There are 2 protein chains.
Amino acid sequence: MAQADIPPSRPDAPLPAKAAQILAAAKEVFLQQGFGAASMDAIARTAGVSKATLYAHFQGKEELFARVVSGEWASHWKQETEPEAPADDPRAALESFGRRFVALLLHPEALAIYRITVGEAVRFPELGRLFFEGGPATVRRRLTAYLAAAASAGRLRVPDPALAAEQFLGMMQTPLHLRSLLDIGEGTGPREQARIIAAAVETFLAAHRT
Amino acid sequence: MAQADIPPSRPDAPLPAKAAQILAAAKEVFLQQGFGAASMDAIARTAGVSKATLYAHFQGKEELFARVVSGEWASHWKQETEPEAPADDPRAALESFGRRFVALLLHPEALAIYRITVGEAVRFPELGRLFFEGGPATVRRRLTAYLAAAASAGRLRVPDPALAAEQFLGMMQTPLHLRSLLDIGEGTGPREQARIIAAAVETFLAAHRT
DNA sequence: GTCTATAAAGGGATAGAC
DNA sequence: GTCTATCCCTTTATAGAC
């Protein structure tokens with residue numbers, strides 16, 4: 001009706017206000033409770049709208065879930081893994097990269113997204129791919145590119161940059177990630193993080209120094 | 001009734017036949033569908049019993065779930081990580097350990113247990129601890145003990161055996177595990193597994209050789 | 001102990017008024 | 001577009017017969 005008079009905002013841009021409000025509520029509920037335990041009632045209540053309104057903006061629970069999981073974290077990962085330290089000092093570059101990787105990895109919201117993505121991977125296979133591409137794959141590519149460049153410049157000896165990148169990330173991830181996911185609450189404090197990052201850098205350099 | 005005449009089997013030993021049958025069905029359904037999506041109906045149907053029978057043997061869904069998750073995999077991890085190669089050859093020992101670790105890590109059933117444990121970690125915190133102790137912690141302890149011994153024998157230089165163990169495991173786990181959990185289906189075949197294990201051994205030795 | 005049948009509650013989704 | 005009220009289905013769990 002009058003809709004024709006109002007030029008709609010760009011196709012998939014900003015977001016119709018109320019939709020954003022609902023999406024934020026969905027994120028809160030899903031990340032805290034998981035897909036199965038979250039109810040549309042709870043999401044509507046949290047958003048402060050009725051369920052009918054909710055269904056006016058989104059097709060159903062699954063679409064809402066997909067929107068949350070494939071949400072803004074992809075851009076997070078991209079920003080936070082941009083080169084920062086001078087490329088001619090591998091130790092400094094690796095340490096900087098490691099610190100930012102660990103900070104992202106252990107961010108409470110990132111942990112929650114990881115939990116539900118992995119937990120629902122069987123039910124939502126495409127979501128798993130999206131998540132992997134949006135986060136983990138990005139980090140790997142960034143580090144691989146750096147290692148390849150450092151090798152070309154003769155500053156590191158890295159015959160297989162992609163594999164070396166996985167190794168470096170793994171040395172930091174494995175001691176910290178699962179404990180955090182399960183909330184074991186031991187061995188994941190800032191002190192340990194620093195120790196683990198430093199150790200990964202040392203081991204990596206010992207193996208790949210020119 | 002006549003039950004008094006039959007000496008009951010040891011307290012928590014073998015298992016009352018039908019209970020085992022139900023537990024097997026529960027395992028199948030939970031591992032395939034997760035906690036939320038699994039229904040007691042499906043479990044009863046799979047077990048070939050009525051729901052009433054099911055509830056006669058187990059308190060409810062949560063108990064069944066806990067029994068499945070904290071099930072026989074703990075003993076699996078223990079058996080499969082026993083030393084196998086001669087202790088005086090670190091390369092052979094690490095390779096053997098690595099191969100068995102990866103095989104366990106990527107076993108379809110182990111992947112399923114990991115998915116649901118991590119996915120339901122918020123709802124069942126104690127289950128997370130149980131899982132960690134029964135699996136990951138065991139592997140870490142075994143490898144740590146081996147590295148400490150090898151260091152004492154002067155065959156490796158390992159100032160911090162526990163951390164070194166995490167690093168070695170991480171170099172194999174990170175390239176393979178998440179891809180398998182999400183069924184990305186790329187980079188996790190036997191060929192890649194072998195490459196990754198060999199590379200982890202080389203990097204580890206380069207950093208810790210005496 | 002085991003079954004059939006059912007109770008009791010909660011969930012996703014929608015109809016209809018405004 | 002938004003709300004209230006409700007439909008309809010599935011789910012967990014149990015009562016009662018055998």
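Lettering of chains follows the sequences in order, A, B, ..., and the numbering in each one begins at 1. Worth saying up front: this structure is predicted, and the values here are computed from it rather than measured.
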Engineer: Strictly below 4.0 Å, heavy-atom distances to any atom of DNA chain C: list the hits from residues 54-63 of chain A, or just say none.
Structural biologist: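 Hits under 4.0 Å, by residue number: A/Y55, A/G60, A/K61.
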Engineer: Without decimals, in angstroms, what is the distance between A/K51 NZ and D/dA5 C1'?
Structural biologist: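 Taking NZ of A/K51 and C1' of D/dA5, I get 11 Å after rounding.
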Engineer: Got a sec, which pairs hit ring-ring contact (aromatic ring centres under 6.0 Å, His included) with one end in residues 44-72 of chain A, sequence neighbours left out?
Structural biologist: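 Listed once each, the pairs are A/F30-A/F65, A/F35-A/F65, A/F65-A/F124.
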Engineer: Scan for ring-ring contact (aromatic ring centres under 6.0 Å, His included) pairs involving residues 90-110 of chain A, sequence neighbours excluded, and state none if there are none.
Structural biologist: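 Qualifying pairs: A/W73-A/H107.
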Engineer: Side chains of residues 186-193 of chain A: which donor-acceptor pairs under 3.5 Å do they make with residues two or more places apart or in other chains?
Structural biologist:
from: A/E192; atom 1: OE1; to: A/G189; atom 2: N; distance (Å): 3.3
from: A/Q193; atom 1: NE2; to: A/T188; atom 2: O; distance (Å): 3.1

Engineer: Assign A/K18 to base, sugar-phosphate, or nothing according to its heavy-atom contacts below 4.0 angstrom with the strands shown.
Structural biologist: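 Sugar-phosphate, no base atom in range.
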Engineer: Give me each pair satisfying ring-ring contact (aromatic ring centres under 6.0 Å, His included) with a member in residues 179-202 of chain A, each pair once, sequence neighbours excluded.
Structural biologist: none
Engineer: Mind checking what makes side-chain hydrogen bond (donor to acceptor under 3.5 Å, both in side chains) contact with A/D160, not counting sequence neighbours?
Structural biologist: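 If we apply the side-chain hydrogen bond (donor to acceptor under 3.5 Å, both in side chains) test to A/D160, skipping adjacent residues, the hits are B/R195.
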Engineer: Of all of residues 28-50 of chain B, which get a heavy atom below 4.0 angstrom from DNA chain C, listed by number?
Structural biologist: B/V49, B/S50
Engineer: Could you check how far CD1 of B/I22 sits from C1' of C/dG1, rounded to whole Å?
Structural biologist: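 My rounded result for the distance is 11 Å.
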Engineer: Could you give the side-chain donor-acceptor pairs of residues 133-149 of chain B under 3.5 Å, partners two or more places apart or in another chain?
Structural biologist:
from: B/E133; atom 1: OE1; to: B/R141; atom 2: NH2; distance (Å): 3.2
from: B/T138; atom 1: OG1; to: B/E133; atom 2: O; distance (Å): 3.1
from: B/R140; atom 1: NE; to: B/E166; atom 2: OE1; distance (Å): 3.0
from: B/R140; atom 1: NE; to: B/E166; atom 2: OE2; distance (Å): 3.1
from: B/R140; atom 1: NH1; to: B/P136; atom 2: O; distance (Å): 3.2
from: B/R140; atom 1: NH2; to: A/T174; atom 2: O; distance (Å): 3.3
from: B/R140; atom 1: NH2; to: B/E166; atom 2: OE1; distance (Å): 3.4
from: B/R142; atom 1: NH1; to: B/K78; atom 2: O; distance (Å): 3.1
from: B/R142; atom 1: NH1; to: B/T81; atom 2: O; distance (Å): 3.3
from: B/T144; atom 1: OG1; to: B/R140; atom 2: O; distance (Å): 2.6

Engineer: Of all residues at least two apart in sequence or in a different chain, which pass the side chain to side chain contact (heavy atoms under 4.5 Å, CB included) check with A/A24?
Structural biologist: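 A/A24: no side chain to side chain contact (heavy atoms under 4.5 Å, CB included) contacts found.
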Engineer: With a 3.5 Å distance limit and no angle check, can you tell me whether B/H177 reaches the backbone of B/Q173 through a side-chain donor-acceptor pair?
Structural biologist: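 No.
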